[in-house]
Enquirer: 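For reference, the structure I am asking about is given below.
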There are 2 protein chains.
Amino acid sequence: MVGSGAQLFEISATAEEEAYRHLHSALRLGRYRAGDRLIPEDIAAEIGMSRMPVREAFRRLAADGLVVIRPNRGCIVAGLTLDEIYETFEIRSVLEGLAVRLAMPHIDAEVIAELERLLDRMERAGISGSSDWVARHHEFHATIYGLSGRPKLMKQIAALHVTIEPYLRIWFDYVEKPLSAREEHSSLIEALRTGDAAFAETAMQKHILGTAPMLAEFASPDRR
Amino acid sequence: MVGSGAQLFEISATAEEEAYRHLHSALRLGRYRAGDRLIPEDIAAEIGMSRMPVREAFRRLAADGLVVIRPNRGCIVAGLTLDEIYETFEIRSVLEGLAVRLAMPHIDAEVIAELERLLDRMERAGISGSSDWVARHHEFHATIYGLSGRPKLMKQIAALHVTIEPYLRIWFDYVEKPLSAREEHSSLIEALRTGDAAFAETAMQKHILGTAPMLAEFASPDRR
DNA sequence: GATTGTATCAGTGGATACAATCATACAGCC
DNA sequence: GGCTGTATGATTGTATCCACTGATACAATC
C-alpha cells in the first residue's frame, strides 16, 4: 500500500511543486485567513517534506500576491483591502473584455450551446449547496477566454480569479443561491450571440464591474 | 573601509533580494540571451553567496515570466515568440488604456508641463546614444499611470515593460534615433489635454498597438 | 509605577553536504 | 549501420546545521 486512489497515478512532481499546489489550493479555498502566519515547519510536516521546498513555494506564492514575505518575520497570508478588491475588478474588466473581444471570431452556434450546458451545470452546482459553484463559474468564463487563443492573457486572468476566489466563496456562502447569477450570465451569452465584438467586450466589462460592489460588501468586515 | 560610495547607505537586504535584483536588472538590460542557461553556482559566485538564495530568486523570476525552470534541467532565460510579443502588446494596450482613463481626472496644466519636460529629457537621453532612453520612456509612461492611484495596475504594467525591455533596446539600438517617438508621444499629450477620458484611453491603446509591429520585426530573427 | 534596557528564546535565512535525476557517451544487439 | 540499453558524470533538488535577526519577558532605574 503506497498510496490511495488517484495518487497512484500522480506523476511525482518536485517537492517544491507539491508544496506550491498544496498551499495554492488551500489559499484559494479560503482555508487560511488573511493575516495568518504560515509556519514553514508545520506545512512541511503536513505534506511530509523539509522546510526548504516550502520556503521556495512561498516565493512563488508571494509573486502571485497570495502571501507576503517580510524579511526575518515570516510569511503571512495576503488579504485584499476594499480598494484592492475594486482595483482587481477594474483590471479584470479590461483583461476579460479583451479576451472576449478576441474570442468573438471563434464563437459559433456550437460554442453557444456548450456555454448553455456549462451554465446549467453551474446552476446545479450552486443548488447542491457546495461551493464548487465557484469552480463551475470559473470554467464558464475560462471556456470563453480560451477561444481567444491567448495563453498569457488567460494566465493573468486566472491569477486574478484565484486572488478573489476566497471572497467569492464568502459571498456565495452568505447569499444563499444567488439567482441573479443565472440572469447575468444568460445576458452575457446573448451579447455573444450578436457577433458584435465591441458590444460583447463592453458587456463583459459591465458584467464584471457589476459584481464588484456586492462582493466587496462581504469582504470588508473580516478582511482588513 | 567596509564598502564604497553609495553602498554605505544601502540597507543590506537579504541575499535572495540581492540576487533577484541583480538578475532582474541583467535580464532587463539584455545581458543574457533567450535560451541561455543560468547556472546557480556561477551567479552565486559572482555576487558572493551560495546557490540557495539564487535558486529562490529563480522562482520569483520564473513567476515574472523572465526565466523558465524545468525540473532537474535548470533555469533558462525566457524569450518571447513573435506571437507572445504581440500578445504582450495587446495586454499592455488595455491595461495602460485603463490606467490613462483612471488618471484623467488628476491631469491638469501642471502635469502636462511636467510631461513635456519628461519628453524633452527622453529625447536628450536618446540623442546621447545611450539606451537609457528606455528608462526615460518608461518614466514618461509611469508618470501618467501613477496618477491613476492604482498600485496593482502599475505593478502589472511595469512587469510587462520589463518583459519587453530587451526587445525595446534592440529596436532602439538598431534604428538610430527613432524620431517618430517624439511625434507619437506629443500627440499622446495632446490627447490628455482634451480632458476626454475615453478618447485618451483609445489614444493610448492605439499608441501601444502601433509600436508592436516595428518592435516585433527586430525581435524575430534573434530570439526564436 | 512606568519606561527603558537587557537577556533569552523562537524562528528565519544561508551554507554545506548528500541524494536523486537527467544527459551524454559508449557498448552490445538487432 | 542504426538503435537500444546501460553506465558514468554533471547538475539539480532536498535535508540538516549554524548564525543571525526579531520578539518577548523580566529586571533595573528614574
Side-chain angles (χ1 to χ4, degrees), chain A residues 2-3 7-24 26-27 32-79, chain B residues 2-3 7-27 32-78:
Chain A
V2 180
Q7 281 201 325
L8 277 174
F9 299 104
E10 178 82 25
I11 299 163
S12 77
T14 63
E16 188 273 344
E17 182 67 22
E18 206 178 319
Y20 177 76
R21 283 185 197 167
H22 176 86
L23 289 167
H24 197 267
L27 255 6
Y32 302 110
R33 287 174 57 173
D36 279 0
R37 265 185 77 171
L38 296 178
I39 290 119
E41 278 164 325
D42 293 355
I43 292 153
E46 215 170 295
I47 47 182
M49 63 180 69
S50 86
R51 275 173 27 196
M52 189 73 55
V54 176
R55 272 181 45 182
E56 291 182 339
F58 282 170
R59 302 284 176 194
R60 274 167 71 190
L61 293 166
D64 292 340
L66 295 174
V67 302
V68 176
I69 300 174
R70 290 178 304 171
N72 289 313
R73 286 200 267 170
C75 178
I76 62 173
V77 178
Chain B
V2 179
Q7 282 201 328
L8 276 173
F9 297 105
E10 178 80 25
I11 298 162
S12 78
T14 63
E16 188 273 343
E17 181 68 21
E18 206 178 318
Y20 177 77
R21 284 184 196 167
H22 176 86
L23 288 168
H24 197 267
S25 132
L27 255 6
Y32 302 111
R33 288 174 56 174
D36 278 0
R37 269 184 71 173
L38 296 178
I39 290 121
E41 280 163 326
D42 293 354
I43 292 151
E46 216 172 295
I47 46 183
M49 63 180 68
S50 86
R51 278 172 23 194
M52 185 83 49
V54 176
R55 275 174 50 111
E56 290 180 340
F58 282 169
R59 304 280 176 197
R60 275 167 71 192
L61 292 167
D64 293 339
L66 295 175
V67 301
V68 177
I69 300 174
R70 290 179 305 171
N72 288 312
R73 287 200 267 170
C75 178
I76 63 174
V77 178

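Computed over heavy atoms, backbone and side chain alike; hydrogens, waters and symmetry mates excluded. Just so it is clear, the structure is predicted and the values come from calculations on it, not from any experiment. All chains are named by letter (A, B, ...) in the order of the sequence lines, taking the proteins before the strands, and each is independently numbered beginning at 1.
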Enquirer: Is E41(A) touching bases, backbone alone, or none of the nucleic acid, heavy atoms closer than 4.0 Å?
Expert: nothing
Enquirer: Can you tell me how far C1' of dG22(D) sits from CZ of R70(A), to the nearest Å?
Expert: 11 Å
Enquirer: Given dA23(D), is OP1 or OP2 found less than 4.0 Å from the side-chain N or O atoms of R73(A)?
Expert: yes
Enquirer: Where the side chain of S50(A) is defined as all heavy atoms beyond and including C-beta, which of dG14(C), dT21(C), dT16(D) is the nearest nucleotide?
Expert: dT16(D)
Enquirer: Please tell me which of L38(B) and P71(A) maps to the more 5' nucleotide of DNA chain D, matching each residue to the nucleotide holding its nearest heavy atom.
Expert: L38(B)
Enquirer: To the nearest angstrom, how far is F58(B) atom CZ from dT11(D) atom C1'?
Expert: 12 Å
Enquirer: Begin with the C-alpha distance, continue with both residues' side-chain angles, and end with the deciding distance and a verdict on side chain to side chain contact (heavy atoms under 4.5 Å, CB included) for V54(A) and L38(A).
Expert: CA-CA 10 Å; V54(A) 176; L38(A) 296 178; over 6 Å; no
Enquirer: Quick one: do M52(A) and M52(B) satisfy side chain to side chain contact (heavy atoms under 4.5 Å, CB included)? Show the steps, please.
Expert: CA-CA 10 Å; M52(A) 189 73 55; M52(B) 185 83 49; 3.1 Å; yes
Enquirer: Can you find a donor-acceptor N/O pair under 3.5 angstrom joining the side chain of R51(A) to the base of dG11(C)?
Expert: no
Enquirer: Applying side chain to side chain contact (heavy atoms under 4.5 Å, CB included) to D64(B) and Y20(B), what does each step give before you reach the verdict?
Expert: CA-CA 11 Å; D64(B) 293 339; Y20(B) 177 77; 2.4 Å; yes
Enquirer: State which of dG13(C), dT14(D), dG14(C) makes the closest approach to the side chain of N72(A).
Expert: dG13(C)
Enquirer: Which string of ( ) [ ] | and . matches DNA chain D, if you list each base 5' to 3' and count Watson-Crick or G-U pairs only when both distances are under 3.5 Å?
Expert: ||||||||||||||||||||||||||||||
Enquirer: Measure the CZ-CD1 distance between R51(A) and I43(A) for me, rounded to the nearest 0.5 Å.
Expert: 12.0 Å
Enquirer: Using whole Å, what does the distance between atom C1' of nucleotide dG13(D) and atom CD of E56(B) come to?
Expert: 13 Å
Enquirer: Please determine whether a side-chain nitrogen of the Lys or Arg among R60(A) and E56(A) lies less than 4.0 Å from a carboxylate oxygen of the Asp or Glu.
Expert: no
Enquirer: Of the nucleotides dT14(D), dG13(C), dT12(D), which has the atom closest to the R55(A) side chain?
Expert: dG13(C)
Enquirer: Nearest whole Å is fine: how far is dG13(D) P from R59(A) CZ?
Expert: 16 Å
Enquirer: Looking only at side-chain atoms of R37(A), point me to the closest of dG11(C), dG22(D), dT16(D).
Expert: dG11(C)
Enquirer: Tell me: CE of M52(B) to P of dA15(D), nearest whole Å?
Expert: 11 Å
Enquirer: Taking atom CD of E46(B) and atom CD1 of I39(B), what is their separation to the nearest 0.5 Å?
Expert: 11.0 Å
Enquirer: If you apply the rule side chain to side chain contact (heavy atoms under 4.5 Å, CB included), what do you find for H24(B) with L61(B), and how did you get there?
Expert: CA-CA 7 Å; H24(B) 197 267; L61(B) 292 167; 4.2 Å; yes
Enquirer: Specify the separation, in whole Å, of atom CZ of R60(A) and atom P of dG13(D).
Expert: 12 Å
Enquirer: Figure out the CD1/C1' separation between I69(B) and dT14(D), and round it to whole Å.
Expert: 15 Å
Enquirer: Rounded off to whole Å, could you give me the CE-to-P distance for the M49(A) and dA15(D) pair?
Expert: 7 Å
